[in-house]
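In the text below, chain A, chain B and the rest are named by the order of the sequence lines, each starting its count at 1. Worth knowing before you read on, the calculation uses all heavy atoms, side chains too, and leaves out hydrogens, waters and symmetry mates.
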Amino acid sequence: MSRSAGGRRPRLDIEVPESWLAIYAVVRRIPKGKVASYGQVALLAGLPRAARLAGTALFHGPAELVSKIPWQRVVNAAGRISYSEARNGSDHRQRELLEKEGIEFTPAGVIRMSKYGWDGK
DNA sequence: GTTCTGACTAGGA
DNA sequence: CTCCTAGCCAGAA
């Protein structure tokens with residue numbers, strides 16, 4: 001064969017870990033107006049307890065891919081938007097996107113998961 | 001192979 | 001409610 005085994009089309013030059021792709025596949029299923037925690041996403045991706053990986057995949061993943069999925073719908077288990085100096089303000093952008101979807105924040109900046117949490121179905 | 005790191009988490013103070 | 005800690009996993013060096 002002249003093509004790589006499996007015949008899968010590359011689409012991207014950079015190589016993305018298989019587990020990251022699994023993460024993206026789950027994030028893509030989160031409905032508008034709902035949010036999921038990193039741990040929940042990892043679990044549904046078949047990577048139980050790899051919550052940190054979900055965060056890594058969304059943060060360090062290729063923008064071409066991440067920008068095509070509702071990355072803003074993933075927050076931490078406490079219902080808060082995770083902060084990091086390295087985010088360089090994208091945390092604020094995340095909140096804007098979520099509010100635009102109808103998600104409300106308490107004065108303390110918390111999303112009530114009982115109301116906006118995705119049931120995974 | 002080892003070591004370090006992090007958009008995490010549950011639990012305790 | 002906030003702050004701190006130990007445990008966790010996979011990727012990167």
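Not a single side chain to side chain donor-acceptor pair (under 3.5 Å) links Ser37(A) to another residue, sequence neighbours left out.
Residues of residues 79-104 of chain A that place a heavy atom closer than 4.0 Å to DNA chain B, in numerical order, are Ser82(A), Ser84(A), Arg87(A), Gln94(A). Using a 4.0 Å cut-off on heavy atoms, the residues of residues 30-45 of chain A that approach DNA chain B are Ser37(A), Tyr38(A), Gly39(A), listed by number.
Using a 4.5 Å cut-off between side-chain heavy atoms of Ile, Leu, Val, Met, Phe, Trp and Tyr, with links allowed through other members, Val35(A) and Val41(A) fall into different hydrophobic clusters. Residues Tyr116(A) and Ile81(A) are members of one and the same hydrophobic cluster, defined by side-chain heavy-atom contacts under 4.5 angstrom among Ile, Leu, Val, Met, Phe, Trp and Tyr.
In this structure, the side chain of Gln40(A) does not engage the main chain of Gly117(A) through any donor-acceptor pair within 3.5 Å. Counting only distance, with no hydrogens or angles, the side chain of Gln94(A) and the backbone of Val74(A) share a donor-acceptor pair below 3.5 Å. Looking at Glu101(A), its side chain does come within 3.5 Å of a backbone N or O of Gly33(A) through a donor-acceptor pair.
First and last contacting nucleotides of DNA chain B toward chain A (any atom under 4.0 angstrom from a heavy atom, 5' to 3' order): dG6(B) to dA10(B).
The existence of a salt bridge linking Glu99(A) and Arg95(A) is confirmed by a sub-4.0 Å separation between a basic side-chain nitrogen and an acidic carboxylate oxygen.
Counted within 6.0 Å of CD on Glu96(A), heavy atoms from surrounding residues, nucleotides or ligands total more than 12; the atom is thus considered enclosed.
Taking 4.5 Å as the limit, every side-chain heavy atom of Arg80(A) sits out of range of all side-chain heavy atoms of Val75(A). You'll find the side chain of Leu65(A) stays beyond 4.5 Å of the side chain of Trp20(A), heavy atoms only.
Of the N and O atoms on the side chains of Arg87(A) and Ser84(A), not one donor lies less than 3.5 Å from an acceptor on the other residue.
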Open item on the list: Counting primed atoms plus P, OP1 and OP2 as sugar-phosphate and everything else as base, spell out the protein contacts along nucleotides 6-13 of chain C at 4.0 Å heavy-atom distance: B, S or - for each nucleotide, 5' to 3'.
Closed with: -BBSSS--

Identify each donor-acceptor pair in which a side-chain atom of residues 21-29 of chain A lies under 3.5 Å from a protein atom, sequence neighbours left out, and give them as a table.
from: Tyr24(A); atom 1: OH; to: Ala57(A); atom 2: O; distance (Å): 2.7
from: Arg29(A); atom 1: NH2; to: Gly120(A); atom 2: O; distance (Å): 3.2

